[in-house]
Amino acid sequence: MMEESGSKKVLLSVLGVAILVVAVVGISFAAFSFTNTSDENSIQTGTITMSYAEPENGISITDALPMADATGMALSEANEYFQFTVSTKASGTLEIPYEINVTPANDSLTENQVALASNQVKVYLSKAGGEQVTAPVLISGLTESTLRPGSYILATQTDSHTGSGADITTTYQLRMWVDNSVDISAEDWDSTKEHVYKLKVNVDSHVNPIGQ
């Protein structure tokens, strides 16, 4: 458990600087709405935006001790989770579906670091108010995304717009920890290295942008 050692701590790389907007900003989606009383067709469009108050859209753990799910889910300090916001907007009645995807980003480790395996790390996604979105799950247990190669689906969501023109905004919090089943006293555990796992977070849409 984390509290049993003072030498190893959970270090979550989520230093806040300013709100950044990633590449998904401004994607427009098209849907056709047909009527039976007219030969005219109408097109409703919408946008989806992801924003976060961190220098990067990611989270990492370094030399974290294994912990139980209940402990990982309860991590509450601002530097113990990655918080991001997804907003959708539509000009009319429109459903905008999207995936929240995570991508392993362990290709920038130093010589003193070694990547944890995907079956050693758990993730948990909730809304900012505490509502569970994705129960604790090993990264190796996530389904691969067809929208973003090399990524895994953390959650899917559909925002239903009814024509009011109002944005639908959801704030999420992603937590990550070393699974309690990992034995750091095992012979194959290299205690001379820092054990690290890094993830990037992105939002992708199930529908095609206009023009594609």
Side-chain angles (χ1 to χ4, degrees), residues 1-17 22 50 52-84 99-127 130 132-156 172-204:
M1 300 292 291
M2 185 173 62
E3 61 268 17
E4 294 176 352
S5 171
S7 62
K8 292 187 177 181
K9 300 178 181 178
V10 175
L11 300 178
L12 299 181
S13 175
V14 289
L15 301 176
V17 177
V22 296
M50 173 185 172
Y52 48 95
E54 324 293 348
E56 294 184 354
N57 59 322
I59 183 173
S60 68
I61 51 177
T62 302
D63 265 1
L65 288 176
M67 63 178 65
D69 289 353
T71 304
M73 294 167 65
L75 294 172
S76 59
E77 298 298 323
N79 66 334
E80 293 179 332
Y81 55 79
F82 174 67
Q83 181 165 295
F84 60 99
E99 286 181 358
I100 298 173
N101 291 322
V102 291
T103 309
N106 299 308
D107 53 353
S108 60
L109 303 185
T110 68
E111 293 183 357
N112 190 48
Q113 296 176 326
V114 61
L116 290 158
S118 61
N119 63 355
Q120 296 177 319
V121 179
K122 277 190 171 178
V123 287
Y124 170 68
L125 185 68
S126 66
K127 295 181 180 180
Q132 177 176 291
V133 178
T134 302
V137 58
L138 291 169
I139 294 172
S140 60
L142 295 173
T143 301
E144 285 194 48
S145 172
T146 59
L147 300 177
R148 183 177 290 268
S151 298
Y152 300 92
I153 302 171
L154 186 59
T156 59
Y172 296 95
Q173 293 176 347
L174 174 63
R175 292 167 172 80
M176 182 168 68
W177 62 89
V178 180
D179 185 48
N180 205 31
S181 64
V182 176
D183 184 4
I184 62 174
S185 65
E187 292 183 3
D188 59 350
W189 186 268
D190 189 350
S191 60
T192 66
K193 301 283 189 179
E194 288 184 339
H195 293 79
V196 178
Y197 202 91
K198 298 181 179 181
L199 282 178
K200 294 289 186 181
V201 183
N202 288 286
V203 173
D204 298 285

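- Exactly one residue among D179, D183, T71, N180 makes a side chain to side chain contact (heavy atoms under 4.5 Å, CB included) with P66. That residue is N180.
- With Y124 as the fixed residue, the side chain to side chain contact (heavy atoms under 4.5 Å, CB included) test singles out one of M176, Q132, Q173: Q132.
- Taking the six-membered ring where tryptophan is involved, the planes of W189 and H195 are essentially parallel, since the angle between them stays under 30° and well short of 60°.
- Atom OH in Y197 sits 12.0 Å away from atom CD1 in I59 (nearest 0.5 Å).
- Side-chain atoms of T110 and N112 include no donor-acceptor pair closer than 3.5 Å.
- When all heavy atoms are compared, the tightest approach of F82 to G58 is CD1-O, 3.5 Å.
- Residues L174 and L154 have side chains in contact (heavy-atom distance under 4.5 Å, counting atoms from C-beta outward).
- When only modelled atom types and interatomic distance are considered, S118 and S140 share no side-chain donor-acceptor pair under 3.5 Å.
- Rounded to the nearest 0.5 Å, atoms CD (Q83) and CD (E54) are 8.0 Å apart.
- Between D69 and W177, some side-chain heavy-atom pair lies under the 4.5 Å cut-off.
- Side-chain contact check for N57 and N202: at least one donor-acceptor pair (N or O, by modelled atom type) lies under 3.5 Å.
- Between Q113 and N106, the closest side-chain pair of non-hydrogen atoms is not below 4.5 Å.
- Taking the six-membered ring where tryptophan is involved, the planes of F84 and Y172 are essentially parallel, since the angle between them stays under 30° and well short of 60°.
- Looking at T134, its side chain never comes within 3.5 Å of a backbone N or O of L125 through a donor-acceptor pair.
- Side-chain contact check for E99 and N101: at least one donor-acceptor pair (N or O, by modelled atom type) lies under 3.5 Å.
- With hydrogens and angles ignored, the 3.5 Å screen pairs a side-chain donor or acceptor of K193 with a backbone N or O of E111.
- I153 is not listed as a side-chain neighbour of L142, based on a closest heavy-atom distance of 4.5 Å or more.
- Of all the heavy atoms in L147 and S145, the pair that sits closest is N-OG, 3.0 Å.
- Residues V133 and I100 fail the side-chain proximity criterion, which asks for heavy atoms closer than 4.5 Å.
- Here the closest non-hydrogen pair linking T103 and G150 is CG2-O, 3.7 Å.
- Taking CG of L199 as the start and OH of Y152 as the end, the distance is 10.5 Å to the nearest 0.5 Å.
- R175 is listed as a side-chain neighbour of S126, based on a closest heavy-atom distance under 4.5 Å.
- Proximity of V102 to I139: side-chain heavy atoms (C-beta onward) are nowhere separated by under 4.5 Å.
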